[in-house]
Amino acid sequence: MSEPEKIIIIGSGPAAWTSAIYAARASLQPLVFEGAVSEENRLASTLPLGQLALTTEVENYPGFPAGDLTAYLDGAIAGQRREYMAPHRKEGVSGPELMELVRQQAINFGTRIITEDIVDVDFSAHPFKLTASDGVTYESQAVIVATGARANYLGLPSEEKYKNRGVSACAVCDGALPRFRNKPLAVFGGGDSAVEEADYLTKSAEKVYLVHRRAELRASKFMVQRAADNPKIEIVWNRTLAEVLGNDRDGVTGVRLQSTVGEPEWQLAVAGVFLAIGHTPNTAFLKDKLALTEKKYLRWTTPGRTATSVEGVFAAGDVADDYYRQAVTAAGSGCMAALDAERWLAAR
Ligand code: NAP
C-alpha cells in the first residue's frame, strides 16, 4: 500500500468542500470521497453534492443576492461540468450551482476527488483504514466525516410500493415529471422543507395540499407567509398519512388521511405524495466506530470543536448537526473541522 493520505474527507456538501478548500490551502492534499453515482444513492437521495443539489434557489447563503450569475458560472466552473448543469434561472444562486462552485473551488486548490462511497472504516488503529464502494482500501492520518443527512420516509408499505410511481421525497428532483403536471398533489410535513416543496410544486401542479399533523406549521415566519400567499396551496391541519392509494396502471391516485384529533378518516384524490418530514444522518457505515447521539448524529465530544470520539476523526455539517442544518453553518463547521484536523496533525 502507498503512503497514507494526510487527510480524507467523506462527503460532498458544503461542509465537505469547505473543509477541502481549507485543507488544500494548508498543503494537506485532501482526498475527497464525494459519493458514488448509483441507483441506491439516487433512491436514498444521497447522490454526490448532497441535499443542496436537490433544492432550487438558495436565498439565505451570504454573498449571493438575486441576480444573473450566468457569466460568472461560465467562467468559474470547468467546461464539462458546466455543460451538464441546468440553465441558470437568473434569480440568484441555486443549490446545484452553489455546490458546483464550491467543488470547483476545492479542485482549484489541489483537492483530489474519488466518486465512490466509503462503506467501511477501521478507526481502531492508526493510520485509519477506509474502504470504498469499489472495494479499494485507503489509509489516512486524519479523517473528516461530512456525509450529511437524507430525507425521511414514514415506512408505510403503500409508500414503499409507490416510490418512483408517485411517491417522492424530493419535489425539485421529481416535481416536473409528466405524472404530476396539472394534477393535485400532497406534501406531508410542516417545516421549511414542506413549504418549500409545496411552493415549488405549485409551479406545475393544479393544486397542492400541505398536510400537517398539527394545527401550526413549524416553518419560519417567512415560509409560513409564502404558503399563505400561494393560492394553489391548501393547508390540511391535524392529519397524517395512513395509506397511499393507487393502482399498477396509474401509480398514485390518492391518499387516506388519519385525523390526529379524533375526526373521521378522509380520502383525497392526488397524483403525487411528497414527504418532507425531516432527515436521518448518513452514519450507518460508522455504527460502533464513532459515538453517535440518540438520533444517530455524530457526537462532537469537545464543546465548540469538531472532534469526535476517535482522536484524529472530525465531523462537520449536517451529519453532526440536528439543530441548525443550514448550508452556511455546514460550510462553517467544515472550515472548523479542517482547522482542527490541521492543528491535530501538526501537533503529532
Ligand atoms: P423539520 O424542520 O424537522 O420539519 C419536519 C416536519 O415534519 C415537522 O413539521 C414535523 O412535524 C413533521 N414530521 C416529522 N415526522 C413526522 C411524521 N412521522 N409524520 C408526520 N409529520 C412528521 O425539517 P425540514 O423542514 O426538513 O427542515 C430542516 C432544516 O432545514 C430546518 O432548520 C429548516 O429551517 C431548514 N430549511 C430551510 C429552508 C429555507 O429556509 N428555505 C428550506 C428547507 C429547510 P412537527 O412540526 O409536528 O414536529
Side-chain angles (χ1 to χ4, degrees), residues 13-15 45-46 50-62 64 66 91-96 98-99 148-160 167-173 175 186-202 208-227 229-230 233 235-244 255-261 266 268 273-282 293-297 317-333:
S45 310
T46 51
Q51 295 181 87
L52 270 183
L54 307 175
T55 66
T56 49
E57 274 62 45
V58 181
E59 294 168 329
N60 52 11
Y61 197 90
F64 292 97
E91 293 170 8
V93 77
S94 73
L98 186 58
M99 286 303 91
R150 71 178 79 182
N152 287 344
Y153 286 88
L154 288 165
L156 301 170
S158 57
E159 180 193 57
E160 190 60 37
V167 172
S168 166
C170 180
V172 180
C173 322
V187 172
F188 290 83
D192 283 330
S193 297
V195 176
E196 192 176 54
E197 302 246 314
D199 189 55
Y200 179 80
L201 289 170
T202 58
V208 177
Y209 298 99
L210 178 57
V211 186
H212 184 36
R213 63 182 174 182
R214 295 186 292 131
E216 188 190 3
L217 295 176
R218 176 182 294 281
S220 57
K221 268 193 187 146
F222 179 82
M223 296 301 273
V224 170
Q225 196 55 46
R226 181 173 284 191
D229 290 345
N230 188 328
I233 295 181
I235 305 185
V236 177
W237 302 113
N238 299 319
R239 294 268 161 189
T240 55
L241 179 61
E243 187 185 0
V244 180
V255 283
R256 189 159 59 80
L257 299 179
Q258 228 158 24
S259 168
T260 55
V261 290
W266 269 6
L268 274 180
V273 170
F274 289 81
L275 282 309
I277 55 165
H279 295 85
T280 299
N282 296 315
T293 67
E294 244 173 49
K295 293 186 196 166
K296 307 266 186 279
Y297 285 78
D318 283 12
V319 76
D321 172 19
D322 69 349
Y323 186 71
Y324 296 106
R325 298 182 292 190
Q326 302 299 302
V328 67
T329 52
S333 70

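We use all heavy atoms of the structure for the numbers below, so side chains are in, but hydrogens, waters and symmetry mates are not. Start at 1 and go down the list; that is how both ligands and their atoms are numbered.
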Using a 3.5 Å distance criterion without hydrogens, assess whether the side chain of Glu159 forms a donor-acceptor pair with backbone atoms of Tyr153.
no

Where do Leu201 and Val187 come nearest, in terms of heavy atoms and distance?
CD1-CG2, 3.6 Å

At the 4.0 Å heavy-atom cut-off, does Phe222 count as touching ligand 1?
no

Is Glu197 reaching over with its side chain to a backbone N or O of Ala171, donor-acceptor style, under 3.5 angstrom?
yes

Leu217, portion touching ligand 1 at heavy-atom distance under 4.0 Å
neither

Considering only heavy atoms, does Leu154 approach ligand 1 within less than 4.0 Å through its side chain, its backbone, both, or neither?
side chain

Please compare Asp321, Asn60, Val211, Ile277 and report which has the shortest non-hydrogen distance to atom 15 (N) of ligand 1.
Ile277

Could a heavy atom of Glu216 be found less than 4.0 Å from some atom of ligand 1?
no

Do any N or O atoms from the side chain of Asn282 and from the backbone of Val319 form a donor-acceptor pair under 3.5 angstrom?
no

Any idea which atoms of ligand 1 are less than 4.0 Å away from a heavy-atom of Gly278?
5 (C), 23 (O)

Does any part of the side chain of Thr280, heavy atoms only, come nearer than 4.5 Å to the side chain of Lys296, both counted from C-beta?
no

For atom 34 (O) of ligand 1, what is the nearest protein heavy atom, given as residue, atom name and distance?
Asp192 OD2, 2.5 Å

Of the choices Arg226, Met223, Arg213, which has the non-hydrogen atom that lies closest to atom 20 (C) of ligand 1?
Arg213

Do Phe274 and Val211 make a side-chain contact, defined as non-hydrogen atoms from C-beta onward lying under 4.5 Å apart?
no

Check whether any side-chain heavy atom of Phe222 lies under 4.5 Å from a side-chain heavy atom of Val195, and answer yes or no.
no

From the options Gly190, Ala169, Ser193, Ala327, select the one whose nearest heavy atom is closest to atom 9 (O) of ligand 1.
Gly190

Sort out for me which residue in His279, Gln51, Arg325 forms a side chain to side chain donor-acceptor pair (under 3.5 Å) with Asp318.
Gln51

Contact check, side chains of Val208 and Asn230, non-hydrogen atoms, under 4.5 Å:
no

Give the atom numbers and elements of ligand 1 that come within less than 4.0 Å of a heavy atom of Ala276.
6 (C), 7 (O)

Please list, in number order, the atoms of ligand 1 under 4.0 Å from a heavy atom of Tyr324.
32 (O)

Measuring from atom 29 (C) of ligand 1, which candidate in Arg325, Glu196, Arg214 has the nearest non-hydrogen atom?
Arg325

Within ligand 1, which atoms have a heavy atom of His279 less than 4.0 Å away?
26 (O)

Could you work out, for atom 1 (P) of ligand 1, the closest of Glu197, Arg239, Arg218, Gln326 by heavy-atom distance?
Arg218

